[in-house]
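Notes for the one structure printed next.
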Amino acid sequence: MDFKEEQVVLFDGVCNLCNGFVQFIIKRDPKARFKFAALQSELGQRLLVYANKNLPYTDSVVYLRKGQIMTRSTAALNIARDLGSIWQIVAVFLIIPAFLRDAIYDWT
């Protein structure tokens, strides 16, 4: 898989909230643009190496979008934006500095 041409969501495969987020995306992506892999899976680890992303943790969402690598709140907000429709409005929160958004992301 060439992530530079894909929209890949890597997620914590043992996290119920993350699994719920994946189901949320799938239900709102009728064209199946998004691909998914658990961070703990062999594919997930290979994609992280390919993306040159060394994560010391596996409890974050990672979004590989056409060559871009995003994590945590930036990943979640860009995924919502890429879903289109009403969900793209949440991208307005990208104006908040990442360290603040990520503090809220880590708290939830």
ILVMFWY cluster, Ile104 and Ile96 together (side-chain gap under 4.5 Å)
no
As an exercise, state the distance from CZ of Arg81 to CZ of Phe93, rounded to the nearest 0.5 Å.
14.5 Å
Where the side chain of Asn78 meets the backbone of Thr74, is there a donor-acceptor pair that is under 3.5 Å apart?
yes
Which heavy atom of Ala98 sits nearest a heavy atom of Ser73, and at what distance?
O-OG, 4.4 Å
Using 0.5 Å steps for rounding, measure from the OH atom of Tyr105 to the CG atom of Leu77.
10.5 Å
Quick check against the 3.5 Å criterion: does Gln45 have a side-chain atom that pairs as donor or acceptor with the backbone of Leu39?
yes
Shortest non-hydrogen pair, Leu83 vs Trp87, comes out as CB-CB, 4.2 Å
To the nearest 0.5 Å, how far apart are CD in Glu6 and CG in Leu47?
9.5 Å
Side-chain touch Arg65/Ile79, heavy atoms, less than 4.5 angstrom
no
Grab the two heavy atoms, one from Asp82 and one from Arg33, that are nearest each other, plus how far apart they are.
O-NH1, 3.0 Å
Interatomic distance, Asp106 atom CG to Arg72 atom CZ [nearest 0.5 angstrom]
4.0 Å
When hydrophobic residues are tied together by side-chain contacts of less than 4.5 Å, even through go-betweens, does Val90 share a cluster with Ile86?
no
Value for CD (Gln23) from CG (Asn16), rounded to nearest 0.5 Å, stands at 11.5 Å
Using modelled atom types and a 3.5 Å cut-off, is there a donor and acceptor pairing between side-chain atoms of Arg28 and backbone atoms of Phe24?
yes
For the student: nearest non-hydrogen atoms of Ser41 and Ala37, plus distance:
OG-CB, 4.2 Å
If you measure from CG on Leu10 to CD on Gln40, what distance do you get to the nearest 0.5 Å?
10.0 Å
When you group the ILVMFWY residues by side-chain heavy-atom contacts below 4.5 Å and let the links chain together, are Ile26 and Tyr63 in the same group?
yes
